[in-house]
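Have a look at the structure below, then the notes.
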There are 2 protein chains.
Amino acid sequence: MASFGNYIKTNRENKGWSQTEFGAKVKINTPAVSKIENDRKRFPVAKLELLAQLFQLDYNQVKDLYFADKFAKEAYEYNCSDNIFKVAENQSTYIKAVNAKQGKLKF
Amino acid sequence: MASFGNYIKTNRENKGWSQTEFGAKVKINTPAVSKIENDRKRFPVAKLELLAQLFQLDYNQVKDLYFADKFAKEAYEYNCSDNIFKVAENQSTYIKAVNAKQGKLKF
DNA sequence: TATTGTTTTACCCAATTTTGGCAAATTTAT
DNA sequence: ATAAATTTGCCAAAATTGGGTAAAACAATA
């Protein structure tokens, strides 16, 4: 899978929309769309659901891809080790367990 | 493994330092240390190396734990699916491949 | 080559979020 | 009850994010 920006670009082109047309639908101006597609800016999280609707994709899948891309880039940027996502998975398990029992989420 | 804040707390207590004493070493005031240990604020990334030194831990391991914690929390917050970190690992592989070939990192 | 539509780049600004620090409240231990 | 340690609330500063305009660069085509 390519980057999230590329993913948007591909889907947009599949729909036959220009960046301007697509931008009108998600209320993002053309230069911003360009930056997003080239991974120079992040697509606003709050608009992920709308994005999924426009592209007729599963929201949760789009969301996963969005965050996977975000995490991978950050991990790369900070030279995290190869098993960073294994560690993250452990953390994830821990967090879920804690919040399942106590029902408190504060971060 | 517990949260990163808890990890700091544990290590600090192992050293027998109060939050104030520890704070002096990393130049963070006491209330901020408290917030960090209780995961109400993030430990500043730029000080991770110093943290590792103080606790006599491996820097890369501390760093991995820091980001794993960060990613896990974000994934939880946004209700990402269970295999988000599998997807992230794929993205990671992709990014490394791209940057190995082109040597361009722009995010 | 001139024209038109599309994409990209370079700056800039406003809104929001995060952080740092102080004072005070609360908790813990003696 | 007192002292030390920790936590909370609040506010200003700093950083991040989202958004916009103008203009350059690129692509296709008349």
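Residue numbering restarts at 1 for every chain, and letters A, B, ... go by the order of the sequence lines. The model shown is predicted, which means the values in this text are computed figures rather than measured ones.
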Is the closest basic N to carboxylate O distance between R12(A) and E21(A) below 4.0 Å?
no
Going by atom types alone, do K15(A) and Q56(A) pair a side-chain donor with an acceptor below 3.5 Å?
yes
Does this structure show an ion pair linking D69(B) with R42(B), if we count only N-O contacts that are shorter than 4.0 Å?
yes
Using a strict 4.0 Å threshold on nitrogen-to-oxygen distance, state whether K96(A) and D82(B) make a salt bridge.
yes
dT7(C), OP1 or OP2 - any side-chain N/O from S34(A) closer than 4.0 Å?
no
Euclidean distance, atom CG of residue D39(B) to atom P of dT19(C) [Å, nearest integer]:
12 Å
Quick one: label K47(A) by what it contacts on the DNA or RNA (base, sugar-phosphate, nothing), any heavy atom closer than 4.0 Å.
sugar-phosphate
In whole Å, I'd like the distance from the NZ atom of K41(B) to the P atom of dT19(C).
6 Å
Could you state the CD-P distance from E13(B) to dT28(C), rounded to the nearest angstrom?
13 Å
Do V33(A) and W17(A) have side chains that get closer than 4.5 Å, going by heavy atoms?
no
Distance, rounded to the nearest Å, where I28(A) contributes CD1 and dT7(C) contributes P:
14 Å
Remember a base hit wins even if backbone is also touched, and classify P44(A) as base, sugar-phosphate or nothing at under 4.0 Å, heavy atoms.
sugar-phosphate
Using a heavy-atom cut-off of 4.0 Å to chain B, what are the terminal contacting nucleotides of DNA chain D, in 5' to 3' order?
dT6(D) to dC10(D)
Are the side chains of F22(B) and T30(B) in touch, meaning some heavy atoms are under 4.5 Å apart?
no
Compare side-chain N and O positions of N38(A) against OP1 and OP2 of dT7(C) and report whether any pair is under 4.0 Å apart.
no
Which part of the nucleic acid, if any, lies within contact of K35(B), taking any heavy atom under 4.0 Å across all strands shown: a base, the sugar-phosphate backbone alone, or nothing?
base
